Colleague: 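I'd like to ask some things about the structure below.
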Amino acid sequence: MKGVDPKVEQILPFLSEVGFPALVTFYLLYRIETKLDAVLQSLQSLPERMQKMRE
């Protein structure tokens, strides 16, 4: 599949057996993972940004 994340591509055959509830669950978990990555990056850069504000 063109433009599909490899993680999602690996899950698709499994989903054909399990069904719609599993599809929704995995989709939401995937979305949450990307959001958590952004939160972690923000938290890691926070001390540096706060230091710059003090200067």
Side-chain angles (χ1 to χ4, degrees):
M1 289 184 184
K2 187 176 181 181
V4 176
D5 190 320
K7 293 178 192 176
V8 175
E9 198 171 277
Q10 292 172 353
I11 293 171
L12 288 178
F14 173 73
L15 292 177
S16 65
E17 296 174 13
V18 178
F20 181 74
L23 173 67
V24 172
T25 301
F26 282 116
Y27 174 75
L28 292 175
L29 287 172
Y30 176 74
R31 293 287 310 256
I32 289 170
E33 179 186 12
T34 57
K35 302 288 184 190
L36 285 176
D37 287 341
V39 170
L40 286 173
Q41 287 177 345
S42 294
L43 287 174
Q44 290 172 346
S45 68
L46 184 61
E48 181 183 323
R49 292 188 341 217
M50 289 180 68
Q51 185 65 31
K52 287 180 181 179
M53 288 178 61
R54 290 182 185 158
E55 296 173 352

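Since the model is a prediction, treat every value here as computed from it, not as a measurement.
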Colleague: Within this structure, what is the OG1-CG distance for the pair T34 and L29, rounded to the nearest 0.5 Å?
Modeller: 11.0 Å
Colleague: At what distance, to the nearest 0.5 angstrom, does CG of L46 lie from CZ of R49?
Modeller: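 It is 5.5 Å, given to the nearest 0.5 Å.
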Colleague: Answer whether the closest heavy-atom distance between the side chains of K52 and E48 falls below 4.5 Å.
Modeller: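 A side-chain contact under 4.5 Å exists here.
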